[in-house]
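Note that these values count all heavy atoms, side chains included, but never hydrogens, waters or copies made by symmetry. Within every chain, numbering begins at 1; the chains are lettered A, B, ... in the order of the sequence lines, protein sequences first and strands thereafter.
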Protein chains: 2
Amino acid sequence: MAQQMTKEETAPQLNGLDTVALFGTLAAIEQTPALADFEFRASNQWISGGENRSRIKEFFGVGAEDESRNSAFEFTNGEPPVLLGNNEGANPVEFLLHALAGCVTTTTVLHATARGIQIESLSTKLVGTMDLKGLLALDDSAPIGYKEIRIEMDIKADCSDAELDDLLAFAQDHSPVCNTVCRPVPVTIERIK
Amino acid sequence: MAQQMTKEETAPQLNGLDTVALFGTLAAIEQTPALADFEFRASNQWISGGENRSRIKEFFGVGAEDESRNSAFEFTNGEPPVLLGNNEGANPVEFLLHALAGCVTTTTVLHATARGIQIESLSTKLVGTMDLKGLLALDDSAPIGYKEIRIEMDIKADCSDAELDDLLAFAQDHSPVCNTVCRPVPVTIERIK
């Protein structure tokens with residue numbers, strides 16, 4: 001990071017990412033792998049029925065508690081009338097699609113940037129199918145949660161189709177939310193007594 | 001649903017849920033299982049760097065396209081400075097915690113209501129651990145995505161501790177987002193050409 005920069009390198013942006021910071025982060029983690037240990041957090045308060053609200057602010061990463069956020073992000077889960085709510089917010093399985101869309105997109109942009117690929121545009125449409133007999137405990141053979149999630153991606157970039165396909169496969173393999181969904185990740189619930 | 005209601009049953013709410021509608025939904029799905037087939041959707045547009053925005057409105061369920069929402073919900077993913085962003089929004093892995101918190105909470109409230117348990121208060125704190133060497137492709141042995149997610153739940157209800165523990169275990173087993181995380185769910189990405 002102490003490298004001398006030429007004039008051309010003073011604002012090295014690609015796809016809206018600071019490439020000096022990106023390669024600096026990669027080098028720092030290679031030297032001190034523990035910097036890559038992150039802990040993300042959320043707290044949530046039930047309001048009524050299918051309505052509840054999360055607060056997200058602090059996290060740990062790069063060896064320290066993050067102090068960059070002056071205020072918390074707040075998000076409200078709700079349910080539509082057919083699921084006994086009043087559309088107080090999107091519902092949790094919809095928020096999961098938002099998380100997945102964002103993660104696949106950001107991972108694609110990150111690795112495109114590392115490869116020197118300039119992205120012109122990128123949008124996704126997601127569809128997730130679910131059998132609610134699982135949630136409602138009406139059929140033990142019904143899968144609980146999403147059966148599958150399909151992502152349709154429209155991406156334009158200054159590279160070949162083969163390079164794009166390779167980039168997308170790599171991004172899918174390395175997206176944290178995509179892997180949290182497609183791999184089994186242990187969840188534990190502990191009740192405060 | 002055509003049952004005659006007595007005066008006491010005209011506003012049958014428990015935990016903010018309409019219990020007549022709840023048991024009516026269960027009966028309707030038992031009679032016509034295909035009503036439980038849902039399709040949830042999101043579309044997402046990349047903005048720059050780690051910033052992108054989702055739009056969530058339409059879904060299919062109970063045998064029809066839902067028409068209850070006049071406008072779309074919109075959510076912005078961002079990244080903090082240590083992850084090369086400007087806190088344009090919470091980041092995707094944090095949104096996943098919000099989805100998980102909301103789903104475990106709503107599933108708990110739903111099955112408490114079905115059991116006649118009145119919940120006084122319910123809040124959760126979530127912590128998810130992650131090794132970013134996975135995302136950054138710096139170490140092939142690093143797990144990609146969350147290593148584990150721990151939920152601490154503070155719940156007060158008009159039942160015994162044993163009944164609460166049974167309710168929580170049942171809710172964890174039947175929460176769609178919790179199962180999408182702890183089970184492997186297939187994700188496919190198709191590029192529009």
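Comparing B:Asn179, B:Thr180, B:Ile144 by heavy-atom pairs within less than 4.5 Å of chain A, the highest count is held by B:Ile144. Of the residues considered (A:Ala171, A:Pro33, A:Gly85), A:Pro33 shows the highest number of contacts with chain B, using heavy-atom pairs under 4.5 Å. Most heavy-atom pairs under 4.5 Å with chain A, from the set B:Asp18, B:Asp154, B:Asn91, B:Val104: that is B:Asn91. Interface remark: of the candidates A:Arg41, A:Glu30, A:Glu51, A:Arg41 forms the most heavy-atom pairs closer than 4.5 Å to chain B. Interface summary for chain B: among A:Leu138, A:Asn86, A:Leu35, the most heavy-atom pairs under 4.5 angstrom belong to A:Leu138. Ranking A:Ser48, A:Gly128, A:Ser43 against chain B, the residue ahead of the rest is A:Gly128, based on heavy-atom pairs under 4.5 Å. Put simply, of B:Pro92, B:Gly78, B:Gly61, the one with the most heavy-atom pairs under 4.5 Å next to chain A is B:Pro92. Among the candidates B:Ile119, B:Thr124, B:Leu17, the residue making the largest number of heavy-atom pairs closer than 4.5 Å to chain A is B:Thr124. Comparing B:Pro81, B:Gly89, B:Gly134, B:Pro143 by how many heavy-atom pairs each has under 4.5 Å with chain A, the most go to B:Gly89. The choice from B:Gly49, B:Gly16, B:Ala34 that makes the most heavy-atom pairs within less than 4.5 Å of chain A is B:Gly49. By number of non-hydrogen pairs under 4.5 angstrom with chain B, the leading residue of A:Asp131, A:Thr105, A:Ile151 is A:Ile151.
With contacts defined as side-chain heavy-atom distances shorter than 4.5 Å, the pair B:Ile56/A:Leu97 does not qualify. Proximity of A:Phe38 to B:Leu83: side-chain heavy atoms (C-beta onward) are separated by under 4.5 Å at one or more points. Side-chain contact between B:Trp46 and A:Asn15 is present, with heavy atoms from C-beta onward closer than 4.5 Å.
Within the 4.5 angstrom heavy-atom criterion, atoms from both the backbone and the side chain of A:Ile189 approach chain B. Heavy atoms closer than 4.5 Å to chain B are found in the backbone of A:Thr76, but not in its side chain. Looking at A:Thr129, both its backbone and its side chain come within 4.5 Å of chain B, counting heavy atoms on both sides. Heavy atoms of A:Asp161 lying under 4.5 Å from chain B belong to its backbone as well as its side chain. Neither the backbone nor the side chain of B:Thr113 comes within less than 4.5 Å of any heavy atom in chain A. With a 4.5 Å cut-off on non-hydrogen atoms, B:Lys193 touches chain A through its side chain but not through its backbone. Heavy-atom distances place both the backbone and the side chain of A:Val181 under 4.5 Å from chain B. Of the atoms belonging to A:Phe59, it is side-chain heavy atoms, and not backbone ones, that fall under 4.5 Å from chain B. Heavy atoms of A:Leu26 lying under 4.5 Å from chain B belong to its backbone as well as its side chain. Within the 4.5 angstrom heavy-atom criterion, atoms from both the backbone and the side chain of B:Leu96 approach chain A. Using a 4.5 Å cut-off between heavy atoms, B:Val185 touches chain A through backbone and side chain atoms alike. There is no contact between B:Asp139 and chain A, counting heavy-atom distances below 4.5 Å. B:Leu110 touches chain A through its side chain: at least one heavy atom from C-beta onward sits under 4.5 Å away, while N, CA, C and O do not. Using a 4.5 Å cut-off between heavy atoms, B:Asp66 touches chain A through its side chain atoms alone. Of the atoms belonging to B:Thr108, not a single heavy atom falls under 4.5 Å from chain A. B:Ser68 touches chain A through backbone and side chain together, each having a heavy atom under 4.5 Å away. Proximity to chain A involves both the backbone and the side chain of B:Leu84, based on heavy atoms less than 4.5 angstrom apart. Using a 4.5 Å cut-off between heavy atoms, B:Val62 touches chain A through its side chain atoms alone.
A:Glu94 CD to B:Lys57 NZ: the interatomic distance, rounded to the nearest 0.5 Å, is 11.5 Å. One distance of note links CZ of A:Arg191 with CD of B:Glu152; it measures 12.5 Å at 0.5 Å rounding. Atoms CG and SG, on B:Asn52 and A:Cys103 in that order, are 9.5 Å from each other to the nearest 0.5 Å. From B:Lys156, atom NZ reaches atom CD1 of A:Ile192 across 8.0 Å, with rounding to the nearest 0.5 Å. Atom-to-atom distance recorded for B:Lys125:NZ and A:Arg55:CZ is 9.5 Å, nearest 0.5 angstrom. Taking CZ of B:Arg69 as the start and CG of A:Asn87 as the end, the distance is 4.5 Å to the nearest 0.5 Å.
When the side chains of ILVMFWY residues are joined at heavy-atom separations under 4.5 Å, either directly or via intervening members, A:Met153 and A:Val109 end up in a single hydrophobic cluster. Residues A:Ile29 and B:Val82 are members of one and the same hydrophobic cluster, defined by side-chain heavy-atom contacts under 4.5 angstrom among Ile, Leu, Val, Met, Phe, Trp and Tyr. Under the 4.5 Å side-chain heavy-atom criterion for ILVMFWY residues, no single connected hydrophobic cluster contains both A:Val187 and B:Val127. Residues A:Phe73 and A:Ile47 are members of separate hydrophobic clusters, defined by side-chain heavy-atom contacts under 4.5 angstrom among Ile, Leu, Val, Met, Phe, Trp and Tyr. In this structure, B:Ile149 is not a member of the same hydrophobic cluster as A:Phe60, with clusters built from ILVMFWY side-chain heavy atoms closer than 4.5 Å.
Environment of CD in A:Glu120: crowded, with over 12 heavy atoms of neighbouring residues, nucleotides or ligands closer than 6.0 Å. The number of heavy atoms from other shown groups lying within 6.0 Å of CD (A:Glu67) does not exceed 12. Heavy-atom neighbours of B:Gln31 CD from other residues, nucleotides or ligands within 6.0 Å: at or below the threshold of 12.
When all heavy atoms of B:Pro176 and A:Leu135 are compared, the closest pair comes out as CD-CD1, 3.8 Å. The heavy-atom pair separating A:Asp37 from B:Lys147 by the smallest distance is OD1-NZ, 4.4 Å. The minimum heavy-atom distance linking B:Asn44 with A:Gly102 is given by the pair ND2-N, 4.2 Å. Of all non-hydrogen atoms in B:Phe170 and A:Ala137, the two that sit nearest each other are CZ-CB, 3.6 Å. Of all non-hydrogen atoms in B:Ser54 and A:Ala101, the two that sit nearest each other are OG-CB, 4.4 Å. B:Ala36 approaches A:Lys133 most closely through the heavy-atom pair CB-CG, 3.5 Å.
Checking B:Asn77 against A:Thr106 by side-chain atom types alone, no donor-acceptor pair falls below 3.5 Å.
Using a 30° and 60° split on the angle between ring planes, B:Phe95 and A:His98 fall in the perpendicular class, above 60°.
No side-chain donor-acceptor contact under 3.5 Å links B:Glu148 to the backbone of A:Thr188.
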